[in-house]
Amino acid sequence: MGRKTPGLNTSSMSDISFLLLAFFLLVSNINTDQGIARRLPPPLPPDQKDTPEVKERNIFIVKINSKDRLLFNGEVGDISELKDRAKEFLGNPNNDPNLPEKLQMEIPLLGMMDISKGIISLQNDRGTSYDMYVAVQNELTKAISELRNELSQAKFGRNYADLNDPQAEAIDQAIPIAISEAEPTKIGEKK
């Protein structure tokens, strides 16, 4: 009769590999995309079927076609101009009758404020590149951030990021994020 070869006891190897796997999952960083922060508008009251009418002067239309070219209210534009154009539109510093109307509102910590009724309408083509889409979103976000920082400096003497919660909420009420995003279409395609 031949000699038996000794076996290797591997029952504890599965326990060790499981512990190593658990250790690396707990210790490693998993990158997650943060997304683009947008607050959805409140739902319509049940008795209201149609969306409210918005005057044409209160809408700033930004369109991106499949070749990543921009149109601002029908005029060809460049991404480098977008932030300043959006700031001018939302701020309407000189009460231009072609720019959005303003609504007077009492805001805690700020007093009576002129709130812009302006809405930025973003429309993309289905062929718009993701890079251009994100670049446009970033420029629009910068415009709102700069307006908030300017008001924060004027009212509280600090940047928006340094405000306490009640102060930040007051600035948010005075300068809301008013970006509406339409469903992607074929921009420039003949019907």
Side-chain angles (χ1 to χ4, degrees), residues 35-44 48 50-105 107 110 112-155 159-161 168-191:
I36 299 171
R38 292 286 179 261
R39 182 178 296 157
L40 295 174
L44 291 174
Q48 186 178 354
D50 295 331
T51 57
E53 275 297 313
V54 179
K55 292 182 181 177
E56 190 175 321
R57 76 180 260 193
N58 293 338
I59 301 174
F60 181 64
I61 300 171
V62 178
K63 292 184 179 185
I64 314 169
N65 70 9
S66 61
K67 293 179 175 55
D68 292 344
R69 294 198 179 109
L70 291 173
L71 283 177
F72 309 141
N73 284 341
E75 300 172 13
V76 176
D78 188 59
I79 189 81
S80 62
E81 305 168 6
L82 181 57
K83 177 185 58 114
D84 293 331
R85 295 275 301 266
K87 270 182 69 175
E88 180 186 356
F89 174 79
L90 291 173
N92 190 4
N94 301 321
N95 285 328
D96 187 338
N98 297 320
L99 294 177
E101 301 170 288
K102 292 186 177 186
L103 171 70
Q104 284 244 321
M105 182 186 281
I107 297 177
L110 298 178
M112 287 302 286
M113 295 290 301
D114 288 333
I115 312 299
S116 175
K117 288 186 171 184
I119 298 170
I120 297 174
S121 174
L122 178 58
Q123 299 172 9
N124 307 308
D125 187 278
R126 294 186 194 283
T128 301
S129 73
Y130 184 72
D131 290 338
M132 184 60 164
Y133 172 78
V134 170
V136 167
Q137 288 283 358
N138 285 341
E139 291 300 309
L140 295 175
T141 302
K142 281 182 200 174
I144 292 170
S145 293
E146 284 186 15
L147 286 170
R148 286 180 172 176
N149 266 333
E150 289 168 6
L151 182 60
S152 175
Q153 285 288 342
K155 294 293 185 177
N159 284 332
Y160 176 76
E169 287 174 19
I171 298 292
D172 291 348
Q173 282 183 332
I175 304 173
I177 296 176
I179 299 174
S180 168
E181 198 165 333
E183 184 177 341
T185 58
K186 286 288 191 183
I187 295 173
E189 182 179 88
K190 293 184 180 179
K191 297 179 182 179

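Counting non-hydrogen atoms of neighbouring residues, nucleotides and ligands closer than 6.0 angstrom, the CZ atom of R57 exceeds 12 such neighbours.
Within the model, atoms CG of L122 and CD1 of I61 stand 11.0 Å from one another, a figure rounded to the nearest 0.5 Å. Here I59 contributes atom CD1 and N73 contributes atom CG; the two are 9.0 Å apart, rounded to the nearest 0.5 Å. In this structure, OG on S145 lies 11.0 Å from CG on L140, to the nearest 0.5 angstrom. Rounded to the nearest 0.5 Å, atoms CD1 (I64) and CD (Q123) are 10.0 Å apart. With rounding to the nearest 0.5 angstrom, the CD1 atom of I171 is 11.0 Å from the CG atom of L147. Considering CG of N58 and OG of S121, their distance stands at 12.5 Å, rounded to 0.5 Å.
Counting only distance, with no hydrogens or angles, the side chain of R148 and the backbone of I175 share a donor-acceptor pair below 3.5 Å. Between the side chain of K142 and the main chain of D84, no donor-acceptor pair closer than 3.5 Å is present. Listed for the N65 side chain is no donor-acceptor partner under 3.5 Å among the backbone atoms of D125. Not one N or O on the side chain of N94 forms a donor-acceptor pair closer than 3.5 Å with the backbone of D96. In this structure, the side chain of N149 engages the main chain of Y160 through a donor-acceptor pair within 3.5 Å. Of the possible donor and acceptor atoms, one in the side chain of K102 sits under 3.5 Å from a partner among the backbone N and O of N92.
Between E75 and E81, the closest side-chain pair of non-hydrogen atoms is not below 4.5 Å. When side chains are defined from C-beta on, N124 does not count as touching M132, because their heavy atoms never get closer than 4.5 Å.
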Decide yes or no on side chain to side chain contact (heavy atoms under 4.5 Å, CB included) for L70 and D78, but give the supporting numbers first. CA-CA 6 Å; L70 291 173; D78 188 59; over 6 Å; no
Begin from the C-alpha positions of I144 and I179 and carry the test side chain to side chain contact (heavy atoms under 4.5 Å, CB included) through to its verdict. CA-CA 10 Å; I144 292 170; I179 299 174; 3.9 Å; yes
Assess the residue pair Y133 and E181 against the criterion (side chain to side chain contact (heavy atoms under 4.5 Å, CB included)); give the C-alpha distance rounded to whole Å, side-chain angles, the decisive distance to 0.1 Å, and a yes or no. CA-CA 11 Å; Y133 172 78; E181 198 165 333; 2.6 Å; yes
Go through the steps for V62 and L71 under the test side chain to side chain contact (heavy atoms under 4.5 Å, CB included), then give the verdict. CA-CA 6 Å; V62 178; L71 283 177; over 6 Å; no
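Here the closest non-hydrogen pair linking G77 and F72 is CA-CE1, 3.6 Å. The shortest non-hydrogen separation linking A174 to L151 is CB-CD2, 3.5 Å.
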Just list the side-chain donor-acceptor pairs under 3.5 Å for residues 112-120, sequence neighbours left out, or say none.
unit_1: D114; atom_1: OD1; unit_2: Q104; atom_2: NE2; d: 2.6
unit_1: S116; atom_1: OG; unit_2: L90; atom_2: O; d: 3.1
unit_1: S116; atom_1: OG; unit_2: G118; atom_2: N; d: 3.0

